[in-house]
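Here the structure comes first, spelled out in structure tokens, and everything after it is commentary.
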Amino acid sequence: MKYHSTNNHNLTASLKEAVLKGLAEDGGLFMPEKIHALPEGFFESIGRLSFAEIAVAVAHHLFDEDLPPADVEAITRDAISFDVPLVHIHDNIYTLELFHGPTFAFKDVGARFMARLLGYFTHDVDKTVHVLVATSGDTGSAVANGFWKVPGIHVHILFPRGLVSPLQEKQFTTLGENITALSVDGTFDDCQRLVKTAFLDNTLNHKMILTSANSINLARLLPQSFYYFNGFARMNEPGKDLYISVPSGNFGNLTAGMMAGAMGLPVKQYITATNINDIVPKYLDSGTYTPAPSKATIANAMDVGDPSNFVRIFDMFGHSHEQIAEAVHGYRYTDRQIKEIIKEVYHGHGYLLDPHSATGYRSLYEEIHGTDDAAGFFIATAHPAKFHETVEEVIGEKVEIPPTLQETMARDSEVVELTKEYSDFQGYLLDWD
Ligand SMILES: *Cc1c(COP(=O)(O)O)cnc(C)c1O
């Protein structure tokens, strides 16, 4: 399959080129030239397939033109090492729990797949491949764990100092080996700008091989479509229209869900929920897309003021506001509302939400509560224990921390400190051997 730049459909790349570059030369993001539908037979038998089997089938559909099918299968099976269960909350509302991977958040799926695909594409390169990643929290831990000890690859993780949770920070500052954490005196948007500037910097690109692991990289984005099919397969609500809600920040997860739709997944309505960083809900309402500086919230992995993947949704719909607003309904929640949702769902239904997933629950509820002809799931993007300080304060009870998270908390951190000036980051990279 060929991939084009969102800035220029004539600028195309192979899968390998797109994965190694991350961003197209013209600053656009790569998109599949054409997304083909899966065969009807796939949807007829999907209920009998496990999540890993579904992932392998979708991976064959996406990648068999570019890699030997046996390698596609091996990479996918190795990446999909945990389940993604569908859990019933109440009435017609379900959640797809994406937090059973090594770092307890949905980004494990894309990060594990990308680490293996990039390792595959670079095993014959004799220079180190440098992965640059900006994180507002969960990307850093998922990418660090996905790439940890992958030979030939060094990962540099930029995070906004003091703006990620202590536990998230431990998950990517304590690994060592081929993982370096860079603490930036700025916001997530500053970190993202530093990374984007580095990719377009000729001096650096002459000296070293740089690639991204943010959700802008296709190798992270495409495998995220796998679990939407699993949600559909596990849901037993015959005759009802399917609604899917996605808590969003950079909008990679929603983009992948919409790609699943383009591959034939019968989705009646996509819903997206944000915190007060509501650029996209505002755009859906008004047709005006205005990035703004990000504001800190208790759902900090969604504190994004300039969502990098939304250009892919513009691309899929030929920039038509009318079509996009029809396909996606948007909701936004304040910190106070998020806390109320967590409390209500815990006490009313015995289900504990993390602050991100809470927005997904509520937006789905607002769309389909009380209807007979609709059922849906929201993506639970993180385990509540990852945000236990907030969650404990809200429900007034201790949250049980899984043992592997406790071990991570006890380890020592190591970070390199940077200002938000590009010259500082460039100097750090140029000094690299
Ligand atoms: C990254 C993240 C999000 C946002 O996902 P995007 O793909 O960036 O929209 C939501 N919740 C959690 C817990 C995350 O880590």
Side-chain angles (χ1 to χ4, degrees), residues 29 95-111 114 133-146 157 159-160 163-165 167-169 171-172 188-189 191-192 212-218 220-225 227-228 244-260 270-275 277-281 294 297-313 328 330-333 338 342 353-363 378-388 390-391:
L29 272 58
T95 183
L96 191 63
E97 291 184 345
L98 262 296
F99 54 67
H100 296 280
T103 71
F104 300 87
F106 83 90
K107 293 185 178 73
D108 283 326
V109 173
M114 169 165 187
V133 47
T135 186
S136 54
D138 280 345
T139 298
S141 46
V143 169
N145 281 272
I157 292 174
F159 69 99
L163 296 181
V164 304
S165 85
L167 180 55
Q168 286 175 327
E169 191 169 323
Q171 285 186 311
F172 57 78
F188 169 69
D189 293 331
C191 296
Q192 190 146 267
S212 77
N214 278 5
S215 51
I216 54 176
N217 196 300
L218 276 177
R220 277 196 49 203
L221 184 74
L222 296 172
Q224 290 186 0
S225 65
Y227 44 77
Y228 287 90
I244 298 178
S245 178
V246 187
S248 295
N250 253 325
F251 284 81
N253 205 358
L254 178 66
T255 305
M258 300 186 85
M259 287 181 167
Y270 293 96
I271 302 155
T272 191
T274 67
N275 55 32
N277 294 284
D278 57 352
I279 315 309
V280 169
S294 60
T297 76
I298 58 170
N300 66 26
M302 309 195 317
D303 293 351
V304 183
D306 190 359
S308 51
N309 273 293
F310 208 73
V311 294
R312 287 187 154 124
I313 293 177
V328 187
Y331 292 82
R332 63 179 74 68
Y333 299 97
I338 291 172
I342 295 173
L353 293 158
D354 95 282
H356 308 80
S357 309
T359 68
Y361 165 81
R362 184 68 198 182
S363 57
F378 62 95
I379 307 270
T381 52
H383 192 293
K386 268 196 109 158
F387 300 91
H388 63 96
T390 304
V391 173

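Numbering starts at 1 and runs along the sequence shown. Order of listing sets the numbers, starting from 1, for every ligand and every atom in it.
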Any N or O on D354 sitting closer than 3.5 Å to an N or O of ligand 1?
no
Side-chain donor/acceptor of T95 to backbone N/O of F378, under 3.5 Å:
yes
Mark up the atoms of ligand 1 that fall under 4.0 Å of a heavy atom belonging to M302, in ascending order.
10 (C)
Closest to atom 3 (C) of ligand 1 (heavy atoms only, candidates F106, F251, F387, F310) is F106
Flag the pair L221 / R312 as yes when at least one side-chain heavy-atom distance between them is below 4.5 Å, and no otherwise.
yes
Rounding to 0.5 Å, atoms CD1 (I244) and CD1 (I379) come to a distance of 7.0 Å
Any chance you could lay out the side chain to side chain contact (heavy atoms under 4.5 Å, CB included) test for M259 and L222, step after step, and finish with the verdict?
CA-CA 8 Å; M259 287 181 167; L222 296 172; 3.7 Å; yes
Counting both backbone and side chain atoms, is some N or O of A301 under 3.5 Å from an N or O of ligand 1?
no
Is there a nitrogen or oxygen of N253 sitting under 3.5 Å from a nitrogen or oxygen of ligand 1?
yes
Contact atoms of ligand 1, heavy-atom distance to G252 under 4.0 Å:
6 (P), 7 (O), 9 (O)
Would you check the N or O atoms of T381, main chain and side chain alike, for any that come under 3.5 Å of an N or O of ligand 1?
yes
Show which atoms of ligand 1 fall inside a sub-4.0 Å distance from at least one heavy-atom site of K107.
1 (C), 2 (C), 3 (C), 14 (C), 15 (O)
Y270 side chain near M258 side chain, heavy-atom distance below 4.5 Å
yes
Check for a donor-acceptor pair, side chain of T272 on one end and backbone N or O of V246 on the other, with a separation under 3.5 Å.
yes
Quick note on ligand 1: atoms under 4.0 Å from a heavy atom of A382 include exactly 13 (C)
Element-labelled atoms of ligand 1 that are located less than 4.0 Å from some non-hydrogen atom of S248
9 (O)
Shortest non-hydrogen separation from E97 to H100 and the atoms involved:
OE1-NE2, 2.8 Å
